[in-house]
Amino acid sequence: MAAGGLKDRAAVTGVGETAYTRETDRSQLELTLAASLAAIADAGLEPKDIDGVIPYGAGGVVAEDFITNFGLPDLRYSALTPMGGASPVAALQSAAMAVATGVANHVLIALGRGSIAGGRITSRLAAMPQMRLVGEFEMVQGCNAPAQFYAPMARRHMALYGTTVDQFAEVAMTCRRHAQRNERAMMRKPMTRDDHHASRMIAEPFRLFDCSLESAGAAAVIVSAAERAPDLQQRPVYIGGVAEGHPDSPSAITQRPDMTRFGLARAAPIAFRMAGVDHGDIDVAQIYDCFTWVVICQLEDLGFCAKGEGGAFVEGGRIGLGGELPVNTHGGLLSEAHIAGMNHIVELVRQLRGECGERQVADAEVGLVTGFGDLGDGAVAIMHR
Amino acid sequence: MTTSADDHTRLPARPRPEPDALSAPYWDGLRAHKLMLQRCRACGRVRHYPRPLCDHCYTFEHDWQEARGEGRVHSWTVCHHAFHPAFKQALPYALVTVDLAEAVRLQAPLRGSDPALLRVDQPVIVDFEDIDDTLTLPCVRVRA
Ligand SMILES: [Zn+2]
């Protein structure tokens, strides 16, 4: 199949989520099922219409849970895309392949996170097979969490390109301003540059306000075959281009030849070519923001600016609502919630349907969503109404 | 704050490596205060972290060679928050990513100088710290 093979062959036909909170009494599975039911209802489907499932690769929820709880009569396709925060967008690619080839008609992608009391980030990570090298060679000397894994990438980017903490603050403040227009967002208190700079240092150069939230909640989307999408309840949002990419030395940032470039840099040209759009055509972008600097690096890897120019790119209101490229209109992982980027897909779909109220990007027709995770894996989808 | 021997016994257990056949020579080397690196027996390329196959010539057979213990700062972070309780007492600590002379990298804590003075490309040397009887870890010092 040529690079354009998946163009417009699949559409997101339903989105749903639970409330996003810091703690919850509901289990990861219960949250995942609740968000899934919301997405299925949003599409105007019944649970029994789902014939493909992609659960979150890093979670304890498996495809069999959906057969059991939904009574699915005919699950024909299940897959995992275990790429950390890149999993949801990579799952869009797998789902699009499944519906484009007729293997399935309606694929459910669902991701839930239970209460952090059930396992903080460090213990969750240590158990993941793709963290084996980090576990043996880095965690033993106090490099135990993503803030510490990614800080050297940001530090080197600053040293090579002059990227500044003021530019990090710009990303954090932009997400916060957007969150103030989003009732679902966990963090809506105003944030100034001084607030950012005064937040406590976590792993230099990352301060607390450079780090995403820890959240409980779930989100889900339905990917349907393009020929079935127009018959459903919502205006379809088509997947014009989609791709995943992996960096060199994917399991050890320390050994990566260029630690300031993500797997996304390989995926982006494929997705843009497939969709047949240019950067200037993108009306709104939801960029995975586990840390502020990660947004800056991805804007470069996506090709919105040259390597090293991402810091300057985020200045001057360019990525805010009303700017040239509004980014993370829901508030992102930094201020809405950390639903591993499934919330970024949900927000992009709502923007392209025109459902975002006071945070709506006027006339949003074409948008982009990225995922980033597992030490540098990336995925991107370009969608349009 | 002073630390008594009693305090020491109450420190949370630090995460420890679980070497396998592939990585044991690296950890054994550290205990002997040698930084050992894996080298492809066919093409001679050095690789790190240890892995089964040479990605250049696809040869499994490999030797171990002692590194010169010299390198330059590639990047670093200074940790101010302990994500594992065992490292709380060490805060703040700098973790340096080093371009070793052998063209692979090492990540190790900085000893003996102020992290605020770290710069990319700064020359460093590798040293060793005996954590206890069975575990030695590398550390780095800025070259005088
Ligand atoms: Zn070789």
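Letters A, B, ... are given to chains in the order of the sequence lines, protein chains preceding strands, and every chain is numbered from 1.
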Worksheet item: Would the number of heavy atoms belonging to other residues, nucleotides or ligands and lying under 6.0 Å from NZ of B:Lys34 be above 12?
Response: no
Original post:
Is the count of non-hydrogen atoms from other residues, nucleotides or ligands lying under 6.0 Å from B:Glu66 atom CD greater than 12?
Top reply: yes
Donor-acceptor pair, B:Arg105 side chain versus A:Pro257 backbone, under 3.5 Å? yes
Report task. Look only at the side chain of B:Arg14 and the backbone of A:Val140, and say whether a donor-acceptor pair between them is shorter than 3.5 Å. Result -> yes
Notebook entry, point to check: Heavy atoms under 4.5 Å from chain A: which residues of residues 121-144 of chain B carry them?
Noted result: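 Within residues 121-144 of chain B, the residues under 4.5 Å from chain A are B:Leu137, B:Pro138.
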Contact winner vs chain A - B:Pro19, B:Ala90, B:Pro15, heavy-atom pairs under 4.5 Å: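 If we count pairs closer than 4.5 Å to chain A, B:Pro15 comes out on top.
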Heaviest contributor of heavy-atom pairs below 4.5 Å to chain A, chosen from B:Pro17, B:Ala94, B:Pro115, is B:Pro17
Side-chain touch B:Arg47/A:Gln255, heavy atoms, less than 4.5 angstrom =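 No, too far: nothing below the 4.5 Å cut-off.
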*Taking the side chain as every heavy atom from C-beta outward, state whether A:Ile202 and B:Phe83 have any pair of such atoms under 4.5 Å apart.*
yes
field: Engaged part of A:Ala154 at the chain B interface, taking heavy atoms whose separation is under 4.5 Å
entry: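 Neither; nothing under 4.5 Å.
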Honestly, the part of A:Leu208 sitting under 4.5 Å from a heavy atom of chain B is neither
Q.
Pair B:Leu118, A:Arg155 - check side-chain contact (heavy atoms from CB on, under 4.5 Å), show working.
A. CA-CA 11 Å; B:Leu118 282 170; A:Arg155 169 59 70 194; over 6 Å; no
d(B:Thr77 OG1, A:Tyr150 OH) to nearest 0.5 Å is 13.5 Å
**Asked** Atom CZ of B:Phe87 and atom SG of A:Cys143: how far apart are they, to the nearest 0.5 Å?
**Response**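 The SG atom of A:Cys143 is 9.5 Å from CZ of B:Phe87, to the nearest 0.5 Å.
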Side chain / backbone / both / neither for [X] at chain A, heavy atoms under 4.5 Å:
{"X": "B:Val120", "answer": "side chain"}
{"X": "B:Leu91", "answer": "neither"}
{"X": "B:Pro50", "answer": "both"}

Heavy-atom closest pair (A:Gly142 atom, B:Cys79 atom, distance to 0.1 Å) is O-SG, 4.4 Å
Quick note, side chain to side chain donor-acceptor pair (under 3.5 Å) partners involving residues 130-143 of chain A, not counting sequence neighbours, are A:Gln130-A:Asp374, A:Glu136-B:Ser23, A:Glu136-B:Trp27, A:Glu138-A:Thr254, A:Glu138-B:Tyr49, A:Gln141-B:Gln107
